[in-house]
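One structure below.
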Amino acid sequence: MNRALLAALLLAACSDVSNPTEDNEQEVITTVTLTFVGQTSGNTVEATWADPENDGSPVIDPIELGVGETWDLSVSFLDELSDPTDDVTTEVAEESDQHQVFFTGTAVDGLLDIAYADTDDNGFPVGLSAEVTPQASGTGVLTVTLRHLPLQGGVPQKTADLADTVATEGLSAIPGETDASVDFDVTAIAP
Amino acid sequence: MLWWMAVAWAEEPSTDEDLDDVEEIVVEGRSAAEEDTHARTTLDEGALAKEAGSDLAEAVAAVPGVVAARGNGDNTKPILRGQTERRLLVLFDGVRHESQKWGQDHATEIDPFAAGKIDVVKGAAGVRYGPDAIGGVVLVEPPPLRDEVGLGGKVQLVGVSNGWRGVAAGRVDGVLAKAPGLTFRLEGNYGRGAALHTPDYVLGNTASITWNLGGTVAARIGMSTITASWRHYDFLGGVCYCVGAESPDDFLDRLDDPVPVGSESWTTSYTIDRPYQQVAHDLALLRGAFPVGSGSLQLTYAFQLDHRQEAEPVRGGDAAGAQYDFVLRTHSLDGWLGHGAHVLGEGTHEGGIGFDASFQENVYAGLPLIPNYRALSGGLFAIERWHVHEVVIEAGARVDHLARQAFLTQDAFSRHVDRGTLAPDDCAPGDTSVRCNSAWTGGSLSLGALWRPSEQIETRLDLSSANRFPNADEQYMNGSAPTSPVYALGDPSLGVETTWGASPTLGWDLRWLRGEGSVYGNLIQNYIYFAPALGPDGSPAFDVTIRGAYPRYDFRPIDAMFYGGDGQVELLPDEVIGATTSVAIVRAVDLATGAGLVMIPPDRVRGALLGRPRIRGFDEAVVQANVTWVARQTHVDEDVDLAPPPDGYVLVGASASAEVPVGHDLLRVGVEGNNLLDARYREYTSLLRYSADEPGREVRLRLGMDF
């Protein structure tokens with residue numbers, strides 16, 4: 001190839017081509033953090049599911065909770081691709097009438113009892129805060145799903161009984177977009 | 001050097017039919033369509049009028065072997081003999097259409113109202129049309145410009161019941177008495193539709209708005225013509241709520257849902273909500289056609305600007321803008337130098353040489369899908385055609401080259417290095433990006449013959465090859481598209497795809513029975529196949545992302561064979577009562593495993609009964625009842641797809657149309673009903689098929705006036 005010609009054409013070309021960007025009002029979540037605080041012991045257990053490069057290679061912490069007390073759970077969502085890191089939790093809280101966190105998996109089947117501890121303006125559960133009570137010692141998988149339920153043609157998709165529907169029919173039975181859905185290994189340990 | 005690097009020449013040399021004088025320079029004897037050694041179907045203005053208000057793919061779906069594959073809303077893409085737009089070249093006014101055509105839900109950004117005729121050339125046609133003409137070529141040609149002093153034109157109105165769509169289109173052609181050597185055209189149209197509905201529910205958020213505007217000026221200077229034109233295409237369409245971003249688990253769980261979740265609240269609304277896509281495509285061209293001795297020279301420069309934006313449902317709503325933004329700029333220069341017909345022995349020969357060159361820049365912002373790139377490509381070719389008695393023989397050869405510089409973000413590059421698809425020293429780091437170069441060269445050949453042993457019979461044989469260079473997405477994609485629950489992984493080392501095709505065609509006209517049938521076989525070497533990746537133990541590989549575990553798909557070269565046949569028969573074509581039937585069959589297999597490839601249209605047969613009543617005051621009155629039968633696709637490796645192919649189906653339709661002379665003008669009226677029995681069905685090649693049914697019954701009314 002004629003290098004002079006190529007160079008001339010490339011110089012004439014717009015420079016936006018050689019400056020690629022992935023920032024385009026993207027909505028990325030790379031990290032889910034669960035923070036458990038024991039109501040009686042005051043102990044803190046933190047577990048993170050993190051894929052900061054958003055490339056499908058997550059680092060996942062296991063969760064160990066003691067049986068015999070109730071734990072206050074707070075859930076947070078981060079975008080670590082942004083610089084500085086973007087705390088998506090704030091945006092979810094601001095639009096809590098269009099979001100809900102769901103807790104599913106084998107861990108909610110006899111191992112943990114999880115109760116929503118927050119509500120949106122309509123009085124529907126949100127799930128950024130919850131109370132978790134281990135029922136017995138054992139292991140299981142806890143799936144934490146953040147569902148975005150935007151208005152469709154002005155009609156709300158979020159309704160009061162979504163959590164019940166998920167418990168009986170699964171996540172595929174409710175509307176909305178999945179913003180995050182991650183699995184944690186949970187061990188409940190007898191005191 | 002620029003000459004050498006030229007790329008894909010666009011249309012055959014006979015596009016300068018603008019003015020009669022010029023036509024005489026280049027057209028000898030029969031038209032290009034009649035001389036083509038490929039199977040070739042022409043949709044003329046009358047046939048196109050029946051499809052008025054449809055998009056390009058729907059307009060050409062009347063051709064046996066073509067299927068309009070629905071995207072995720074009110075948009076479709078053509079599939080020709082099993083090949084989607086990656087391997088199907090579309091030319092508008094002789095210019096290769098350049099857009100983000102790799103996306104299954106990216107409809108072809110061409111206005112069918114701007115067409116005077118559409119030719120569908122079936123089979124590999126790389127020599128004549130350049131890279132990507134693996135499955136065939138769709139040639140969209142504007143109608144000839146006006147050549148006599150005065151004004152003329154047409155208006156068309158279309159109303160469609162499903163989605164309450166309305167379309168209005170107009171065109172004015174003129175030659176002013178003061179400047180008889182100057183001819184001009186102005187045209188435009190606007191269409192708007194609400195959400196479509198299936199027999200059981202509304203496809204929420206499938207409303208759309210389409211508009212087009214164009215202008216052309218041509219000047220005749222002696223025996224030469226200079227033509228300048230500009231066109232703008234604009235589409236804004238909602239993406240069905242039913243194909244929202246789901247985790248793979250939800251996606252699979254929902255496959256068996258009889259109705260999509262949440263559909264009870266979806267209404268037939270004109271509102272376009274997130275998610276949506278918005279596309280603007282501009283084409284500006286400047287063409288000169290000059291006599292050279294007994295032949296002609298044609299040069300075309302074209303600039304295309306394609307801007308595609310896709311918006312997702314996001315926190316913050318419309319303030320967030322579009323989440324995916326693609327800009328593609330293409331400059332192209334094509335040339336053809338044709339020599340006139342020369343006597344050779346008992347016959348004559350004609351032909352010439354051509355070149356094309358293009359410079360393309362892609363600028364993308366969004367989650368990792370395709371990189372920015374800059375590409376320079378060129379092609380050089382020669383074609384000769386001999387006529388001896390009732391035989392035409394055509395031979396051609398071509399060479400093409402493409403050099404591409406892709407600019408990856410550091411993160412995207414690191415991902416490829418981590419995955420082993422790029423080595424650290426494969427690319428050059430820069431200040432703001434990592435530059436990865438690739439280049440390919442390909443040659444193609446064609447040999448064809450046409451023989452008319454009698455007035456009733458015509459046989460054609462085409463032996464052609466064609467190339468395709470890998471797309472940037474096939475090389476570098478590393479991520480998940482929002483509406484596709486798979487994790488796609490590109491391969492930067494992909495090579496040139498080459499097809500070798502053979503296709504005999506038989507046409508006959510016995511007055512009471514007219515038809516054309518064609519069979520074909522295409523071997524495609526290094527066919528880039530998008531299929532599930534397998535882990536070391538042979539089981540499907542998964543990528544765990546924050547939205548769940550996604551099956552990994554990769555682009556890998558295989559040797560594939562496409563074969564089949566298509567054709568049409570008309571019984572009593574000139575009588576009061578008649579019938580037509582058309583058939584299309586495609587098979588595609590991976591030669592190494594024998595497995596059937598995905599996304600290949602299933603077998604289809606269409607039959608129609610026609611009545612041509614002779615009614616005073618009406619010309620061309622036709623009433624028709626038709627049945628379309630589409631099989632279930634059983635020739636496919638079901639493990640490769642996310643869901644098994646849907647069942648076959650039968651659709652019933654009917655239509656009536658006529659032309660009414662009104663003074664010197666012509667009024668065209670028509671009414672058509674499609675899926676009249678409101679059958680509930682899913683189409684194998686539709687993106688909607690994983691989540692929703694196809695639209696149900698529709699009645700179209702159209703009214704057109706030529707003046």
Side-chain angles (χ1 to χ4, degrees), chain A residues 1-2 4-6 9-10 12-14 16-32 49-51 53-58 60 77 81 88 91-92 94-95 98-99 145 148 150-157 170-183, chain B residues 1-2 5 204-205 241 244-247 249-250 253-254 261-262 265-267 269 271 273-274 312-316 320-325 329 359 361-368 371-374 376 403 407-409 411 414-415 418 430 432-433 435 478 487 543-548 550:
Chain A
M1 175 153 308
N2 185 325
L5 173 68
L6 184 62
L9 273 168
L10 297 189
C14 300
D16 55 354
V17 181
S18 54
N19 292 300
T21 172
E22 290 185 2
D23 292 335
N24 190 44
E25 307 290 353
Q26 286 302 331
E27 215 163 52
V28 178
I29 294 173
T30 61
T31 306
V32 180
W49 193 109
D51 183 11
E53 291 88 28
N54 194 34
D55 63 352
S57 59
I60 311 166
F77 301 94
L81 275 182
V88 183
E91 298 162 32
V92 173
E94 281 169 8
E95 293 187 7
Q98 295 180 21
H99 288 85
T145 301
H148 185 194
L151 303 180
Q152 285 187 343
V155 179
Q157 295 188 83
L171 282 156
S172 63
I174 64 162
E177 313 263 326
T178 299
D179 284 348
S181 184
V182 296
D183 289 349
Chain B
M1 201 63 188
L2 182 64
M5 287 189 302
N205 201 39
Y241 288 138
E246 302 165 295
S247 69
D249 287 344
D250 287 352
D253 284 349
R254 285 177 178 174
V261 175
S265 66
W266 301 341
T267 57
S269 162
T271 306
D273 207 354
R274 286 172 180 260
E312 295 290 301
V314 285
R315 286 174 277 281
Q323 278 60 60
Y324 300 83
D325 189 300
R329 301 184 283 257
F359 176 67
E361 290 184 309
N362 187 63
V363 183
Y364 168 67
L367 288 174
N372 289 0
Y373 61 82
R374 206 168 268 161
L376 198 57
F407 298 90
L408 279 64
T409 60
D411 282 349
S414 302
R415 279 180 218 133
D418 290 347
T432 53
S433 60
R435 193 182 75 235
N478 192 337
Y487 196 93
D543 286 283
V544 177
T545 78
I546 196 129
R547 280 171 28 189
Y550 280 56

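Labels below follow one simple rule: chain letters A, B, ... track the order of the sequence lines, proteins then strands, and each chain is numbered from 1.
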Item to check | Side chain to side chain, B/I546 and A/V182, heavy atoms closer than 4.5 Å | outcome: yes
Next on the checklist: Test of understanding: with side-chain contact (heavy atoms from CB on, under 4.5 Å), list the residues that count as partners of B/D249, not counting sequence neighbours.
Outcome noted: B/S247
Item to check | Engaged part of B/N478 at the chain A interface, taking heavy atoms whose separation is under 4.5 Å | outcome: neither
Checklist entry - Any side-chain heavy atom of A/L171 sitting closer than 4.5 Å to one from B/D250? => result yes
Checklist outcome for this item: If one checks every heavy atom of A/D179 against chain B at 4.5 Å, the contacting part turns out to be both
Item to check | Shortest non-hydrogen separation from B/N372 to A/P20 and the atoms involved | outcome: ND2-CA, 3.5 Å
Checklist entry - Is any side-chain heavy atom of A/V17 less than 4.5 Å from a side-chain heavy atom of B/R329? => result yes
Checklist entry - Any donor-acceptor pair under 3.5 Å linking the side chain of B/D273 with the backbone of A/Q152? => result no
Item to check | Note: B/R315-A/E91 ion pair, threshold 4.0 Å (strictly below) | outcome: yes
Checklist entry - Under the 3.5 angstrom rule, does the side chain of A/S172 hit a backbone N or O of B/R254 as a donor-acceptor pair? => result no
Next on the checklist: My understanding is that only residues two or more places apart in sequence, or in another chain, count here; which of them pass side-chain contact (heavy atoms from CB on, under 4.5 Å) with B/T545?
Outcome noted: B/Y487, B/R547, B/Y550
Next on the checklist: Less than 4.5 Å to any heavy atom of chain A: does that hold for the side chain of B/V544, its backbone, both, or neither?
Outcome noted: both
Checklist outcome for this item: Smallest heavy-atom separation, B/P313 atom then A/P150 atom, equals CB-CG, 3.8 Å
Checklist outcome for this item: Taken to the nearest 0.5 Å, the spacing of A/D16 CG from B/N362 CG works out to 10.0 Å
Checklist entry - Relative to chain B, which of A/T145, A/V92, A/D51, A/D183 shows the most heavy atom pairs under 4.5 Å? => result A/V92
Checklist entry - Short question: side chain of B/Y241, backbone of A/P175 - any donor-acceptor pair under 3.5 Å? => result no
Checklist entry - Is it the side chain or the backbone of A/A50 that comes within 4.5 Å of chain B heavy atoms, both, or neither? => result neither
Checklist outcome for this item: Whatever's closer than 4.5 Å to a heavy atom in chain B on A/T30 counts as backbone
Checklist entry - Can you tell if the side chain of A/V155 reaches within under 4.5 Å of the side chain of B/T267, non-hydrogen atoms only? => result no
